[in-house]
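Numbered from 1 within each chain, the chains take letters A, B, ... in sequence-line order.
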Amino acid sequence: MDDRRLVAPRGLTRRSLLKRGAGLGAGALALGAMPPFLAACGSSTPSGPKELKVLTNQPPDPAPPGVADYSEEAFATWQTDNAARVSYESIPYTQIHDKLATAFASGNPPWDIVYMSGWVPEFSKNLATIGDMISAELKSDLPPSSFKTVTWDGKIQGVVFTLSLMTLFYNTEHFEQAGLSEPPKTWDDLLRYTKELTRDGRYGWVNNYGAPEGIGGTANLWMSYLQQAGGTMYDEGGLPIFNDAAGVDAAQFMIDLWDAGTEPGSISYVGIADTTNVFTAGKASMMMNWPFMWKPANDPAASAIAGKIGAAVLPAGAAGTASIDGTDAFTVTTASKSPELATKLIEFYLAPEVQKRQVLDTGWLPIRLSTLEDAEVQAAATNAPIVLEQAKSPYDSFVTPDYIEVTQAIGTELQRCIRKEKSAQQAIKDASDQVASIVTSR
Amino acid sequence: MADVELRAITKRYGAVEACADVNLHVADGEFVTLLGPSGCGKTTTLNIIAGLDEPTSGEVLMGGKVVNDLTPYERDVAMVFQNYALYPHMSVADNIGFTLRLRKRPRDEIRRRVQTVAEMLELAHVLERLPRELSGGQQQRVALGRAVIREPAVFLFDEPFSNLDAALRVKMRVEVKELHQRLGITSLFVTHDQEEALSLSDRIAIMRDGHVEQVGTPDDVYAQPRTRYVARFIGSPQMDIFTGRLERRDGITAYVVGSAAFEIPGEAAPTCDGELDMGVRAEHVRLNAGGIPMPVRVVQPLGSMTYVTIGWDEELLTSRLLGMAHFSPGEAVTVSLDPAGLLFFDRESGRRVLPDGALA
Amino acid sequence: MSRRGRARTRRIGIGLGLALFVAWTLAPIVWALISSFLPLRALTSTPPDLAPGNFTLENYLGVLSADRDLIGGLRNSAIVASFTAVLALLIGSSAAYALARLRVPGGGKILMLILVTQMFPAMVIIIPLFIVLSRTGLTDSQVGLMIVYLSFVLPIVIWVLKGFFEAVPRELERAAAVDGASTMQVFRLVVLPISLPPLFATGVFAFIEAWNEFFFAVILTQSSAKTAPVVVAEFSGQYVSLYGQMVAAAAIASIPVIVLAIVFRRYILEGFVEGAVKG
Amino acid sequence: MTIDPGAVARPTGRSYLARRRRTGTLLVLPALAVLALILALPIAASLALSLMDADTADFRFGVFVGLDNYRTLFADPVFALALRNSIYWMVVEVAVVVVVALWFALLLNHPMGRWSVFRIILLVPWALAPVANAVLWKWIYNSSYGILNFLGTATGVLPDPVVWLGDPGLALNALLVAEIWKEIPFITLLLLAGLQNVPRILYRASRLDGAGPWQTFRFVTLPQLRTTILICIVLQSIWALKSFDLVYVLTRGGPANATTMLNFLAYRVSFQFGNLGLGAAVADILFFVMFLLALAYVRVFRPARAAERGVA
């Protein structure tokens, strides 16, 4: 199979533009006459192929074929082979959680498959247990740790489809200018580097502390330091135990990093996207980010630092390196009328060939170990070995049903101590108290 | 064609009584005016007759039938409003023909009848215009036309001329009167202008605070007002009414106002004595025909007549003389009153005191 | 200072005030427009690289060709907003007229009720609404959105039109009644035709409100009925923010309503705005 | 009507006014039905919800817990902060919007400001979609390449770039500026309409009486605008409490809850924490405050109406 044909970019042609332009004109003309019911009806005939509805991210966030541009031919074939018709609702990551919450609350979610990022425990009641349905072959080719965030109450309710851990990214040009030849290996290195790189109107470090909650939020970022410091979130009974030396050290490290030269806007960035822009504009020398950044940061059209990016495992704390899990997974809803078929579709998303195209065409790493080790993949995604290396150390995001509430509480306290409104000890103690009350009230 | 009768019509808005026990009968073909100052309840009464408002109690009869529960249209009334109430988005022709259109008359019948009415009212050349492109008089005639085309049983006019200037008002008065004479339709006309009422009506109902003070022909209400209120309301200039005393001394009867005592022939004075108000219209005040000498205060020449105001103490008295009379302020004249024109009123009730001493 | 001098100082003061007014009101818009013509790299350099050579249509082309269906969003917005406006006018004008003039029993209470419903934060009605809509299969449909939009457009339309109908001379209705028009005919043949400007103004207002609405649209649409603001918001993802495209999309989504507002400004200024003041 | 029934020619209820009332009821019904269906029912549901322990994971109108949710809220420091933020937001927004809008309206009412382009300019921020507005300001406020910091540092007004959305004190005010910018135009239009209703003759009279511009404003314009200004204040207060999009796009309530207001808190608790009962309680409290403001709006109108009727 000629892979390149599968990748044919859905780019801009003059014709497609003209067509769309004409559509706009016609739409404007037909405005008064157009029956509004067209959208309501349409796609609800039960006869013919089985229909699967999928709620997923919009590219460039991780998304399956048919939404993102890869493996489209294989996807079409799969639909024919399985007498299925897959329709997508792809929305921005920031809107997915709320949409799921409303839909599940109404008791009538319209989808068979939904994308999940750390919300499996929260929505556990609404998700089918698919652990027994997926093939043993697939299970054995996935890192066991990848099931951690999609398992609740011992039931496997989803499959992670991209290895998404935070690693360190750095600007090799800045490093050269500062006479640094190697990425920082420890917290002390990181603090020292940050200080040295903070000059000429740029900063050594940048992070997004603006939004406290959720995956990738302030609290989640702190969890990487927590694990690096040797701490953890909960005991076996689910009660918080992070109010210890490790927890305080992790918070203190964030403060120290701030003082050493964190880009001041960091406190206001509500998503990793804002942070990425600072890094790719060359205004900060280091950041931690999801593996995805490798591709856009090396794209000269959007990035000022293309070709000047290094990646490394996160600097080690007292207990070594550790990271956090982006937990991009697919799950099947209990509302699905054909959970088997839905599971099969998920398996297709994780088929080796699809996984390979996923990384080559979109930059999102595969989750299959065999694909990660593929030579072509390692050559194209040069940061893949780094991520794999990182994956050998802990990378828990500690998701629970109250994840957003918990991280909102911790993240807000962290924001306070970063802004020097209280000490790291105090912030962690207050956060722990709040989390304890959240956890016990459930 | 129908007569209109109001039986004990009362209308209350909360605590305010707009109509209080109004009784009135308008004969078939008669032209009756409801006259009174603003707020006297005349427009409310008219709206109740039209069916645009509901009485709190009482009955409206037309042609002998109670019509309280009929809509204006079912009552077969046509109405002309103070501000014309022309439909601003319709041409003159459509305005006039609107009622026929609602009645689903054939198109050409509507056109024909509109044409006839328009010619009658000299509107034929403006049929395609919008109301706002017309002069005030033309707008008023369109409003009339809209009423006329109906050939209704009863015409109702709600101060139709009050937005017109004085000259136009007089002209329209003639047109309305002519129209009534030609069509002979029972008409009720509301106005606060006594001159309009006098000139148009077969009979006038003078209203005050929601009740009818007097109903009568123009002659009646002018010459034989039942009350001081009616006497003052009718006539121009306004009747002078004095708060004096009727005295009889040595066989001579005199009305004393301050330092002045007007001698009155015995038969002209009521038989009772004492504290009575006396009214006299300007045409009954004679100058320089003997009487009491007094100074002229103000002279108002009006062309066909002249008002001369005489004063003493704090009192003023106006005389109407025909033609241009030449007086100057301060000039001394003698003043006497025409005994035939004197009216006396009970001070308490305001009712007129008849020559035999009884109250009117 | 002489009187003339004072007058001149005053004129200069007012001129300066007006200049400040224009600058304050337009500056953010102008900067947004400039940004929309610059590539991300030019925008993120310090100072912003405004070299003429940098100006490009690539954001606009990118927006129009992106997977996010902005044109579909615009079409949905247009359909939803126009039908919402028309529905609101149909239902709202008759209710407003009744409440203004027809002495509906309990009218005062109804008006209060309408006003109160308008005060409710959208946040809370969304869940029950979503339940009802999804049970009836109306999520992700233009019809569903129209119905929901009626909930916040209708009260405004009723409230504003009521003010207008109260200003219609009573005599016109009475004349029509005397001419033989039923109450419905009075409304249809007399009151409505002479109220076209306020109807238009309220319609435009309703259109703009419905076009711009975001919160309900995000929750209640999935793919086929997405409106323009939802698509605009989609240009900021988790991992990338394409500022240039975002602003370009915002510009494209805003231009129709801004043009509409400007074209019908006479109605909005004379009709709607004054109506709101007069109540 | 208290008419002797025997005297009535036809059954009652057929008169003009009775028919109007009946038609009126028919005309109101569709609107009432629509509002009952899409507003009253959901509102009732949400009031009920605020007395329940219900979450998004399984929405079955959970357990009745009485006023527990309200008790939880009143003990919650975040709720107290959100309430404070909301009040601050409303007061400052209303004050600044009304004062600046009044100033603009006076400028535009001056003969020099009558150029229609000025009014067209006003319509631009007004018609701009709130989401577009949020995107716009997010871009302006960006601390490392936002235009605001660039201009500030280039002109020397700011010694260093400011993290507009990162400082709790600044962030709320930064959002306020964005909100105020968008809200001023409509209030300006309202006040302008009010100004144009002031009879010209009053200005001439006051000039003849020797009043200066300030005195004319103080003793003629302001008293004449009283009702309009009151309406603006009440309307703007309601709108201020409803604002959501800016917080949602720019700060998501942060940093350290500095921009968390009741409306956003209701959203966060309902949809992010999944606690529908508690979220409904927050929204219902907000509703109660807005309801009081709505009553004020009605009060403001009542005297004007009565006067109108008196004339008619």
Side-chain angles (χ1 to χ4, degrees), chain C residues 14 17-18 21-22 25-26 28-29 31-32 35 44 46-47 91-92 94-95 97-98 102-104 110 115-117 119-121 123-125 127-129 147-148 150-151 154 158 177 183-184 208 212 214-215 229 232-233 243 246-247 250 253-254 257-258 261-262 265 269 273-274 276-277 279, chain D residues 16 19-21 23-25 27-28 30-31 34-35 38-43 45-46 104 107 110 112-113 119-121 123-125 127-132 135-136 139-140 145 147 150 181 189-190 193-194 228 231 238 242 244-245 263 266-267 270 276 280 283 286-287 290-291 294 301 304:
Chain C
I14 287 167
L18 285 168
F21 156 75
V22 173
T25 312
L26 283 189
I29 300 274
W31 174 236
S35 311
T44 51
T46 332
I91 304 175
S94 49
Y97 177 63
L102 300 183
R103 304 198 203 164
V104 180
I110 294 175
L115 195 66
V116 167
T117 53
M119 300 302 129
F120 216 86
M123 220 58 69
V124 171
I125 61 174
I127 300 260
L129 273 180
I147 294 173
V148 174
L150 271 185
S151 73
L154 196 54
I158 293 177
T183 310
M184 273 312 288
I208 293 176
N212 285 343
F214 175 67
F215 182 71
V232 170
Y243 280 116
M246 228 157 110
V247 179
S254 300
V257 275
I258 290 176
I262 290 173
R265 65 182 178 281
L269 296 179
V273 172
E274 288 190 28
V277 173
Chain D
Y16 169 67
R19 281 172 198 222
R20 272 167 76 88
R21 275 192 294 269
T23 312
T25 311
L27 286 175
V28 173
V34 168
L35 290 177
I38 54 183
L39 272 174
L41 282 183
I43 286 171
S46 102
F104 282 172
L107 281 172
H110 187 271
M112 283 170 71
R119 267 152 236 234
I120 293 177
I121 288 174
L123 292 170
V124 177
L128 190 71
V131 168
V135 165
L136 176 66
W139 183 224
I140 288 172
Y145 29 74
I147 189 75
F150 168 66
W181 176 80
L189 290 173
L190 288 181
T228 310
I231 290 165
I238 293 168
K242 275 184 146 181
F244 174 79
D245 300 25
N263 209 17
Y267 154 80
S270 296
L276 294 179
L286 184 58
F287 168 66
M290 288 166 125
F291 177 68
F301 267 128

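Atoms CG and CG, on Leu35(D) and Leu150(C) in that order, are 8.5 Å from each other to the nearest 0.5 Å. To the nearest 0.5 Å, atoms CD1 (Ile120(D)) and CD1 (Ile262(C)) are separated by 5.5 Å. To the nearest 0.5 Å, atom CE of residue Met112(D) and atom CD1 of residue Ile14(C) are 6.0 Å apart.
Residue contact with chain D, scored on non-hydrogen atoms closer than 4.5 Å, involves the side chain of Leu154(C) exclusively. Only the side chain of Phe104(D) comes within less than 4.5 Å of a heavy atom of chain C; its backbone N, CA, C and O stay farther away. Only the side chain of Leu136(D) comes within contact range of chain C, judged by heavy atoms closer than 4.5 Å. Using a 4.5 Å cut-off between heavy atoms, Ala253(C) does not touch chain D at all.
The two residues Gly113(D) and Leu18(C) have their closest heavy-atom pair at CA-CD1, 3.9 Å. Between Leu27(D) and Leu102(C), the shortest heavy-atom distance links the atoms CD1-CD1, 3.9 Å. Counting all heavy atoms, side chain and backbone alike, Ala127(D) lies closest to Ala261(C) at CB-CB, 4.0 Å. Nearest heavy-atom pair, Asn212(C) versus Ala129(D), reported as atom, atom and distance to 0.1 Å: OD1-CB, 3.2 Å.
Counting heavy atoms from C-beta outward, Leu123(D) and Ile258(C) have side chains that stay 4.5 Å or more apart. Thr25(C) has its side chain out of reach of Val124(D): every pair of non-hydrogen atoms, C-beta onward, lies at least 4.5 Å apart. Counting heavy atoms from C-beta on, the side chains of Trp181(D) and Ile29(C) come closer than 4.5 Å.
Contacts with chain D were tallied for Ala98(C), Pro28(C), Gly17(C); Pro28(C) has the most, counting heavy-atom pairs under 4.5 Å. Chain C forms more heavy-atom pairs under 4.5 Å with one residue of Ile140(D), Leu41(D), Asn263(D) than with any other, namely Asn263(D). The candidate with the highest count of non-hydrogen atom pairs below 4.5 Å against chain D, out of Ser94(C), Ser254(C), Ala250(C), is Ser94(C).
Considering only residues two or more places apart in sequence or on other chains, Arg21(D) meets the salt bridge (charged side-chain N to carboxylate O under 4.0 Å, His left out) condition with Glu54(B). For Asp245(D), the side-chain contact (heavy atoms from CB on, under 4.5 Å) partners are Phe214(C), Pro130(D), Val131(D), not counting sequence neighbours.
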